[in-house]
Peer 1: 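First the structure, then my questions, so here it is.
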Amino acid sequence: MEEALLPSGSTPADSRRQDGVESTVLGRRERAIAGGDRYQKAAAMVDQADDGVGLPVEVLKQPNFEHCAKLYFWFIWLNPIWALNLTILLLLNFFEVPLWCREDFPNPCGDPEKFYLGGLPYLTRTESLILEVTCVVILAVHTFFPIAFNGNKLFWDTRLDNIKVLLLVLLAGDTIFNLVYVAPWGPIEHLPFRLGPYIRVLIVVVNLRGLRDCVKTLAGILGDFLDIAALLLLFLLFSSWLAFILFEDTIQGKTLFKTYGDTLYQMSILYTTSNNPDVWLPAYKQSRFSAIFFVIYILFGVYFVANLVLSVVYDSFKGQLAKLLVEAENARQEVLSAAFDLLDDQGRGYLDKQQCGKLFNEIKTYRTLPHIADEDIEAIFYALDDSGDFKINREELADLCNAISLKFDKADEPAYLEKFPRLYHSQKFEALKRFVRSDLFEKIVIGMLLVNLVAVIIETTLDIQNSTSQKSWQYVEFALGWLYVVEMVLKVVVYGFNNYWRSAQNRFDFVITVTIVVAETLTYTLPNKINFFANEEWIRYLLIARLLRLTRLLVLMERYQVMVSTFLKLIPSLMPYLGITFCIMCFFCTLGVQAFGGIIYDGNPRLPGSAIEENDYMVKNFNDFPSGMVVLFDLLITGNWHIWMDVSAIVHIKTLIN
C-alpha cells in the first residue's frame with residue numbers, strides 16, 4: 001500500500017480551488033500538483049520530498065501527468081479501505097474454524113473446556129467464505145488500480161506488482177477451493193491443508209512498505225547470520241561431543257546423555273538455559289566437580305557466543321539500514337529533481353533569482369517561513385549560490401530544501417471555520433482560541449485526568465468489594481468522558497481537524513474518547529440489550545488506557561524529559577519490526593494449527609505422565625489460532641519451549657502411527 005499524503009484543507013489561492021467531491025478528496029498539496037501552476041506544483045513536491053511521501057517518480061514521468069496525479073490521489077484517498085481490508089484478511093485467521101474441527105455449531109471443535117480453546121467466537125464456514133470473497137474482490141481492485149496511473153506496461157514491468165498479482169491469484173484459487181469444500185454439494189468432506197492463511201500474511205507484508213523494508217533488511221543480513229550460525233553449530237557439536245565423552249559411564253550418561261543425539265539435543269536446550277540446572281543435576285549429584293564443565297559451557301555459550309552472534313547481526317543490520325536510508329534519500333532526490341525540472345521549463349540547467357523568489361512564496365504555504373521582502377530574496381539567492389555563477393543548480397536547490405526541512409516546522413493548515421471569517425475572527429472566538437491554546441487549558445485537562453485516575457481507583461476498589469457505592473463513581477467516569485469530548489471538540493474547532501489529527505497523541509485521545517463514550521452511552525441507555533457493550537470490564541480497561549495521557553507529566557519534569565521523549569520517538573520506528581514479528585508468528589501459528597491442532601485435549605490417553613500435563617501446560621496448545629499465538633509468544637522468549645516441542649512431537653507421531 002502506498003504511503004499516504006498528509007491530509008490537507010483548502011488554501012487561499014483561487015487557482016487551487018476545486019469543487020464537488022474532488023475538493024474533498026484532494027488536499028492542498030494534491031490540488032496544487034494536480035491543477036496548480038508550476039511553482040505551486042514544485043513547492044508541493046518539495047514539501048512531499050521533505051516528508052518522505054508523495055507521488056512515485058513513475059507518475060511524475062507520465063505524459064498526461066495531471067490526470068495520472070488525480071487518479072493516484074484517489075488511490076491514496078482510499079488507503080483506509082485498503083488498510084481495513086488487509087487488517088480483516090490478517091485477523092480472519094483468528095476467527096476461522098480450525099481445519100481439524102468437524103462438529104456442528106455452536107461448538108464446531110467440541111467441548112471448549114475439554115480442548116482448551118482460545119475463547120474467541122468462531123465465524124461459520126459460510127460467513128468466513130463470504131468475508132474472504134469480499135476481501136479478495138477489494139484486494140483485486142487494490143492490486144490492479146495502479147494500472148490507471150502507472151500505465152499497463154509499467155505495471156507489468158514492476159516486480160513488486162507482479163508479486164502482488166501472483167499472491168492474489170493464489171489466494172483466489174484457495175478461496176475457490178474452499179468454496180468447493182464449504183458448499184453442501186462439494187465432493188470434499190475433509191480439508192487437511194489450506195494455502196490461504198499463509199498467503200494472507202504474505203499479502204499484508206508485500207502491501208505495506210514498512211514491512212517490505214523489514215523483509216529486505218532480514219534478507220540482507222541472512223548471509224552474515226548463516227556464517228555466525230555455522231560457528232554456533234560447531235560450538236554445539238563440539239560441546240555435545242565433549243559432554244558425551246566425559247559423562248559416558250556416569251549416571252548423567254545413562255539417563256540423559258545416552259546417545260550423541262540425545263546429548264546434542266539436551267545441550268542445545270541448555271544453550272538457551274531453558275533446562276538449566278535440571279539437565280545436569282544427575283552429574284552434579286554424583287560429582288560436584290562436574291559443575292565446572294557446565295558452568296564453563298554456559299558462561300562461554302551465553303556470554304560470549306551469544307553476544308558474538310548478536311554483534312554480528314547488529315553490525316549487518318546497521319549496514320542494511322544504511323542501504324534503506326540511501327534508497328530513501330535517492331527517492332527524495334528524484335522528487336526534488338523532478339521539481340527542479342518543472343521550474344526549469346527552458347532546460348537551462350539552473351534557476352534565476354525571480355524563479356527562486358516565486359518558489360519561496362509558494363513554500364510558505366507548507367512551512368513556517370517568515371515573510372521575505374524582495375530585497376532579502378536577492379541576499380538569500382547569493383547565499384545559496386555556492387558556485388558564485390549567479391545561478392541555482394540542482395545541488396544548491398537540494399541544499400535549500402534540506403535547510404527548510406530542518407529549520408522550519410510544518411505550517412498549520414487553515415481550519416474549516418476560517419471559511420467564515422466573521423465568526424472565526426470575532427472577539428469571542430479569538431478569546432476561545434487563546435484559551436484553548438493556553439497553558440491553563442492544558443492544566444485543566446491534566447487536572448481532569450488526575451480526577452479520573454482517582455475515580456478509576458475508587459470505582460475498581462468498590463467493585464472488588466462488591467459495594468453498592470460503585471454505581472455512583474461509574475456515573476462520575478461517565479461525566480468525565482463527556483468532558484473529554486468537549487476538550488476534543490474545542491481542539492478540533494480551534495486548530496482544525498487536519499492539524500489536530502497530525503499529532504499522534506491527539507489520535508490516541510480521539511480513538512479512546514470516542515470508543516469509551518459510545519460504549520458507556522449504549523451501556524447506560526440500552527442496558528442488557530446489546531451484549532457486546534454489557535461487559536463493563538473492557539470499558540474499565542479503556543479508561544485505564546486513557547490515563548496513559550498522564551505520561552505528559554513526565555515530559556514536564558526536566559529529569560525525565562529526554563528519556564520519555566526518546567521513548568516516544570522510538571515507537572514509530574519499532575512498529576514495522578513489531579509488525580513483521582507478528583506476521584511471522586501468524587505464519588508459524590497457521591502451520592502449528594494445521595500440524596498439531598486437536599492433539600492436546602483433556603482425556604487424551606497419550607498425555608498422562610507427560611511434561612505438559614505435569615506442568616499444567618495443556619491450556620497452551622495449537623488447537624486454534626488464538627491459543628497458538630500465545631504458545632508462540634512463549635517460544636519467542638524461549639520459555640520452556642522444549643516441553644511443547646517434546647509433547648507435540650511425541651503425541652503427533654503416536655497419532656499418525658495409530
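The model shown is predicted, which means the values in this text are computed figures rather than measured ones.
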Peer 1: To check you understand the geometry: which heavy-atom pair defines the closest contact between Leu342 and Ala42, and what is its length?
Peer 2: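 Closest pair (atom of Leu342, atom of Ala42, distance): CD2-N, 3.9 Å.
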
Peer 1: Looking at the rings of Phe149 and Phe73, which for Trp means the six-membered one, are their centres under 6.0 Å apart?
Peer 2: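 No.
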
Peer 1: For the atom pair NZ (Lys620) and CG (Leu635), what is the distance rounded to the nearest 0.5 Å?
Peer 2: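 Going from the NZ atom of Lys620 to the CG atom of Leu635 covers 9.5 Å.
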
Peer 1: When you check the gap from the basic side-chain N to the acidic O, do Glu487 and Lys491 get nearer than 4.0 Å?
Peer 2: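 Salt bridge between Glu487 and Lys491, a charged N being under 4.0 Å from a carboxylate O: yes.
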
Peer 1: Quick one: are the ring centres of Trp74 and Phe145 less than 6.0 Å apart?
Peer 2: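 Between Trp74 and Phe145, the centre distance exceeds or equals 6.0 Å.
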
Peer 1: Is the distance between the ring centroids of Tyr122 and Phe95 under 6.0 Å?
Peer 2: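 Between Tyr122 and Phe95, which both carry aromatic rings, the centre distance is not below 6.0 Å.
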
Peer 1: Counting only heavy atoms not in Phe429 (residues, nucleotides, ligands), do more than 12 fall under 6.0 Å from its CZ?
Peer 2: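 Atom CZ in Phe429 is packed in, count exceeds 12.
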
Peer 1: Check this for me: Phe435, atom CZ, are more than 12 non-hydrogen atoms of other residues, nucleotides or ligands nearer than 6.0 Å?
Peer 2: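 Counting neighbours around CZ of Phe435, more than 12 heavy atoms of other residues, nucleotides or ligands fall under 6.0 Å, so yes.
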
Peer 1: I need the minimum non-hydrogen distance between Met585 and Leu632, along with the two atoms involved.
Peer 2: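 Smallest heavy-atom distance, with atoms named: O-CD1, 3.1 Å.
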
Peer 1: Could you measure the distance from the CE atom of Met629 to the SG atom of Cys586? Nearest 0.5 Å is fine.
Peer 2: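 If we round to the nearest 0.5 Å, Met629:CE and Cys586:SG are 4.0 Å apart.
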
Peer 1: Could you measure the distance from the CH2 atom of Trp77 to the CH2 atom of Trp82? Nearest 0.5 Å is fine.
Peer 2: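 Interatomic distance, Trp77 CH2 to Trp82 CH2, rounded to 0.5 Å: 10.5 Å.
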
Peer 1: Under the criterion salt bridge (charged side-chain N to carboxylate O under 4.0 Å, His left out), I'd like the reasoning laid out for Glu327 against Arg332: C-alpha separation, chi angles, the key distance, then a yes or no.
Peer 2: CA-CA 9 Å; Glu327 291 178 4; Arg332 178 178 178 273; over 6 Å; no

Peer 1: My understanding is that only residues two or more places apart in sequence, or in another chain, count here; which of them pass ring pair (Phe, Tyr, Trp, His ring centres under 6.0 Å) with Tyr500?
Peer 2: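 For Tyr500, no residue satisfies ring pair (Phe, Tyr, Trp, His ring centres under 6.0 Å) once neighbours in sequence are set aside.
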
